[in-house]
Structures are given as C-alpha cells and as structure tokens.
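Hydrogens, waters and symmetry mates are skipped; everything else that's a heavy atom, side chains included, is used.
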Amino acid sequence: MAKNAEKEKSSVNFFHELGGFMRPYGGKYGLSIAISVLSVAAGIGAYGFAGLIVARLFQAAPAWEPLLWLALGAAGCKIVHAVLMNVSTWISHKAAYHTLRDIRSALADQLLKLPMGYFEEHGSGRLKATLVDHVESMEKTLAHVLPELTANLLGPLACMVFMFIVDWRLALAALLWILVGFSVTGGMMKGYEEKYAGQLKALKGMNQAVVEFVNGIEVIKNFGRADECYRKYQDAVYGFASYNVNWQKETQKYASLGMAIAPFSLFPILILGLLFYGSGTLAPADLFMMVLLSFGIFTPLMNAMNYFDQLAAMGESARAIKELLDYPELQRGGTAQPDNAALSFDSVSFSYGSGEQKALEKVSLQVPEHTMLALVGPSGSGKSTIGKLMAGFWDADDGVVSVGGHPITAYTQETLNHLVAYVDQETFLFDDTILNNIRMGCPEASDEEVMACAAEAGCDAFIRALPQGYQTMAGTAGNRLSGGEKQRIAIARAMMKKAPILILDEATASSDPENEAAIQAALSAAAKDKTLVVIAHRLSTVVGAQQIAYVDQGQIRAVGTHQQLLESCEAYRRMWQMQEVQ
C-alpha cells in the first residue's frame, strides 16, 4: 500500500497539477499549435516538390523551366515552414512567460499566507530551488513543447505516410528499424522519475550547504571550523556531481546502442531498395524519393523524445510547486473588527509538527488593553511560541487565541497585521537606508515623522552619529550595525506602525548595559498607549510589568506582579536571585 502511494506520489503530471495556470492563455497555446501544424504541412510540401523534381530528372531530357518552378516551390515551402515555426514559438513564448508570471505571483501570495513553521521546516536553499530553479526550468518546456512537439511528431508521421504511399515495403522496413532503435534507447527511462527525484534531492542538499556555508562563514572562521564545514560543503557539491555522473554511466549503454541503430533507417532502405530495383519492382525515382524522405524522420523524433524527457522533469518541478501551493494556510478571512486591544489565551495547545511533543499545553492568559505582560522562564519553555501565536504566525492546535475581543481566525490577515506589531529576537533589516527601514512601519510617513519616532525610541542620537546619519545604508540584513543598534531600530520600526498591540521577543538580547537602558526607555515610551507583551530573559527589564507569567515546559506556572512572584513562585525567585548575583 505504501509502495503504491509512493509510486502515485512520484507520478506527477504538470498539466494535471498546474494546468490551471495555462487556461487563461489557452487561445495563445492553441494558435501556436495551429500555426505549427501549418508549418509542418509546408515542410512536407517541400518534400513533395523535391519528389516531383526527382521524377522529372529521371525522364529523358526534362525541360528546365518546370524544374525551376518546382525548385522555387520547394524553397518557398521551406521558407514558409521556417517563418511559421518561428511565429508559433514566439506566440508560445508569450503564453509561457505569462503562465510562469502567474505561477510566481501565486507562490509569492501563498508565502504570505503560510505559517512561520513552513519557513523553519524548509530551508532557504530548498525555497530558492522551488521559487527560482523549478519555475525557471519549466520555461523552455512550456514555450517549446506544444508547438515543437506537435511539429516533431506530425512531421515524421506525415513523412512515414508519404513513404507508405510510395512503397509500403521500404516504409515498413524503415519503421521497424527506427522502432528497434528507440526501444533500445528507451532503456534510459527505466526508473527515471525516482532517479530525477534523487537528483533534485541532491541539488537541494547542495543549495542548502552553499547557503549555510556562505551565511555562516564568519562563525566558521571565528571558531576554527573551516576544514570541517568546508568538507560538508564539498561533500554536498561532490555528491551532486557524483549522482549525475553515475546516472549518466547507467544510461550511456542504452544511449550509445540506440543511437547506433535508430538514426540509420537509410541502411535498410538502401539495401532493400537496391534489391527491389534489381528485381524490377521499384522505380529509380521512387528509390531516390524514399532515400530523401528517410532523412526527415529520425531527427524530429529524437527532438520529440527530448521533450518527453523534459515533461517528466517538469512533473517533478510541478510537484515541488504544488506542495508549496497546497501547504495548509493560516485560517484567516473573517470580517471581524477589534473591540479593544486586549489579548487572551483560552486553553491553548500547540505543537510544531504532527506527533511531536506539544510546545504549549492548555495555556490560558488574559492581557487587558493598555497593560504590559512579561513572559519569563528558561530557554525552550514556550515563551516565544506564545508571542508568535499572539501575533498570528501559527494557528493553535486546540483552544482559542483572541486579539481585540475576537479569535484571530475571525480577522483577515490584513486586519490582524494592523492590530499587532512584532519584533523578533532575530532582527532583520533591509539593505536600505536607516530612514527607510524605520519608515517601513508606516510607508506614508514623512521624514520628520520617522525621525520623531526614532527619537521616541531612543535611536536618534546614535543614528545621527553614523557616517550619513539617517541616510546610512543598513547593509545586507543590517550587517553594518551592531546587534543592539539593530534591535533599537526594529523597535522604532514597530512603534512607527502604530499598532495597538506590540510584542517584543527578547528585545534586549543583544544589548550592552547602555543599549539596555535606551531600550528600556523605548519600551516605556511604547507602552504608553499600547498593549505590550515582552518576552525576556533579564528580569530587571520587566519588573514594572502589570503581569509577569512564568513559563516552563509549555505551561504557565505562575502569574502576578514581580513582588507577588517573588513570594509565591520558587522558580521565579531563584531566577531573580541568580541574576541579582550576576
């Protein structure tokens, strides 16, 4: 049963899975095929004119003027064939580009609807392969397969019909010869889908290794792990190369033997044709015509076989794209509007994957609007998970997460995004000016409004001290700034959003004492008219919170003020004493 399921999974057809993206441009694809058929007809017409020329040449003292007109007819057919084929592929290319544009747009739209867990489960190398490599790999096939596959199949078919009309014996011999050759070549396709899937897996592994090696080069060098990490990168690259080389070795014997037979249908035509001519059952003009027609069979069929190969490869690309498009989306789409800026958890449970241990178990919380909740506890206790569920990055497995008086599933994603601003512990800045990075929280804000918000967040002084002030480029992922500076800019960006709910995950994680004091001041400013949720390791940063929840092993162990927890929660008191000593 599992084996059949695996086989079904491996047999993916692009036109079945993603054919809907082609339908809006069906007219263009159909026109391309129709013009391609006309092109084939013109090509066959050239052979017809050539046949008439041969027939006249075998006559005694043929007149030159009819031969000239026949030659012009053959040349005209070839020109029409070339022009129509180019027009056909031009139309199919336009249709293909529009199809791929729609696929890319659908993928980009889908990424905005996916839970954050998808991006943690799928590395950047794998996502890059799906969004770039798989989509790009389909362009050539989509643009060429319909018109050119049609031409490459109809052309030899028409030639073969013509050959059967001229002499069925030689036509049958040529057909059997070609079929034997292609049947041998077909051995290359044994286990193709499984092997191609293995190639894609090796490619994804290589992409992931390259991205990891490049992004982590600073850490690798700093900890003297260059040899070990380079070996991992090298193994992935050589593994991909070895897989392809071994696959080529397996198929080479079939390719070599098949290519030694199939292209030479001329051989049986010449041998049998001379025998038939010697016995007086075949005219010399017909023999010459059969020889001429034999040259129009193999090359188009070989091109057609290549397209079948590409169609199988495109099926694998379609599977990767369809998996992303079909990945369960966040449950959004209601029409609710917030009543307030309160937050609540009602018996919320959550796990990051099926069958895994629950990250949260029956968590209940109430956060009134315009108050501050601090989530504290040991690493891995579930604090960040609570914050991300509040921000709507995932949907809870059980229970209800409410924002503004309604479950988050009752909002559209856009409405929820306007309600909540979230600052992750892994701060990301775009390679743009500091001014524009902050302005991203409110794109329509003026420069003066951005600077005022930065001043409120305690960023203005250090930003103005930078070489170009607010026009300083942050660098790739903000790499021109320190961790503390990036966090303060991220807080300013979140404040700029003017969302009534602000969630800060480890906002002081990368800060020195000076930065921490500045961030504390920013938090005080941010909390004036917002509901604030702060996830913290340093208890000194959250002692003023109206509520502090101590989280451990995915459960809320205690809730209260700082003083109340010191008196009632042994684990909290122990954490406070340890940090006080430090």
Asn437 vs Tyr470, side chain to side chain donor-acceptor pair (under 3.5 Å): CA-CA, chis, key distance, verdict: CA-CA 10 Å; Asn437 267 286; Tyr470 280 90; over 6 Å; no

Donor-acceptor check, side chain of [X] to backbone of [Y], threshold 3.5 angstrom: yes or no?
X      : Y      : value
Thr371 : Pro368 : yes
Ser364 : Ser347 : yes
Glu369 : Ala341 : yes
Glu485 : Ser482 : yes
Arg332 : Gly392 : yes
Lys383 : Pro378 : yes
Thr385 : Ala359 : no

Contact list for residues 561-572, test salt bridge (Lys or Arg N to Asp or Glu O under 4.0 Å), sequence neighbours left out: Glu570-Arg573, Glu570-Arg574

Would you call [X] and [Y] a side-chain contact if the rule is heavy atoms closer than 4.5 Å?
X      : Y      : value
Asn244 : Asn246 : no
Leu502 : Thr531 : no
Leu481 : Leu466 : yes
Val559 : Gln547 : yes
Ile434 : Gln471 : no
Val534 : Ile503 : no
Leu504 : Ile535 : no
Leu131 : Arg104 : no

Looking only at heavy atoms, what is the nearest atom pair of [X] and [Y], with distance?
X      : Y      : value
Phe21  : Ile103 : CG-CG1, 3.6 Å
His537 : Ser379 : NE2-OG, 3.3 Å
Leu375 : Gly387 : CD1-N, 4.5 Å
Leu419 : Ala499 : O-CB, 3.5 Å
Ala454 : Ile438 : CB-CD1, 4.0 Å
Pro338 : His406 : CA-CD2, 4.3 Å

[atom1] of [X] to [atom2] of [Y]: how many Å apart, nearest 0.5 Å?
X      : Y      : atom1 : atom2 : value
Ser105 : Gln110 : OG    : CD    : 13.0 Å
Lys322 : Ser317 : NZ    : OG    : 15.0 Å
Gln564 : Ile548 : CD    : CD1   : 9.5 Å
Gln413 : Lys113 : CD    : NZ    : 10.0 Å
Leu360 : Gln553 : CG    : CD    : 12.5 Å
Thr99  : Asp102 : OG1   : CG    : 6.5 Å

Aromatic plane relationship, Tyr422 with Phe393 - under 30° parallel, 30 to 60° tilted, over 60° perpendicular: perpendicular

Counterpart residues, salt bridge (Lys or Arg N to Asp or Glu O under 4.0 Å), relative to Asp552 (two or more places apart):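 Residues passing salt bridge (Lys or Arg N to Asp or Glu O under 4.0 Å) with Asp552: none at all.
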
Do [X] and [Y] have a side chain donor and acceptor closer than 3.5 Å?
X      : Y      : result
Asp529 : His370 : no
Ser402 : Asp346 : no
Tyr411 : Thr335 : no

Test log, rule side-chain contact (heavy atoms from CB on, under 4.5 Å), inputs Met390 and Val403: CA-CA 7 Å; Met390 288 177 173; Val403 177; 5.7 Å; no

Worked verdict on Val423 versus Asp505 for side-chain contact (heavy atoms from CB on, under 4.5 Å): CA-CA 6 Å; Val423 180; Asp505 189 351; over 6 Å; no

For Val401, the option from Val348, Leu365, Ile386, Asp395 that meets side-chain contact (heavy atoms from CB on, under 4.5 Å): Val348

Derivation and outcome, side chain to side chain donor-acceptor pair (under 3.5 Å), residues Tyr550 and Ser381: CA-CA 9 Å; Tyr550 185 83; Ser381 59; over 6 Å; no

Test: Asp447 and Arg439 ion pair at under 4.0 Å: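 Yes, charged N to carboxylate O under 4.0 Å.
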
Pair Met473-Thr433, side-chain contact (heavy atoms from CB on, under 4.5 Å): steps then yes or no: CA-CA 4 Å; Met473 299 295 290; Thr433 63; 3.8 Å; yes

Check: His562 ring centre within less than 6.0 Å of Tyr572 ring centre: yes

Intermediate values then yes/no, side-chain contact (heavy atoms from CB on, under 4.5 Å), Thr472 and Arg480: CA-CA 9 Å; Thr472 301; Arg480 294 182 182 175; 5.7 Å; no

Heavy atoms from other residues, nucleotides or ligands near CZ of Phe428 exceed 12 (cutoff 6.0 Å): yes

Within 6.0 angstrom of Tyr233 OH, more than 12 heavy atoms from elsewhere: no

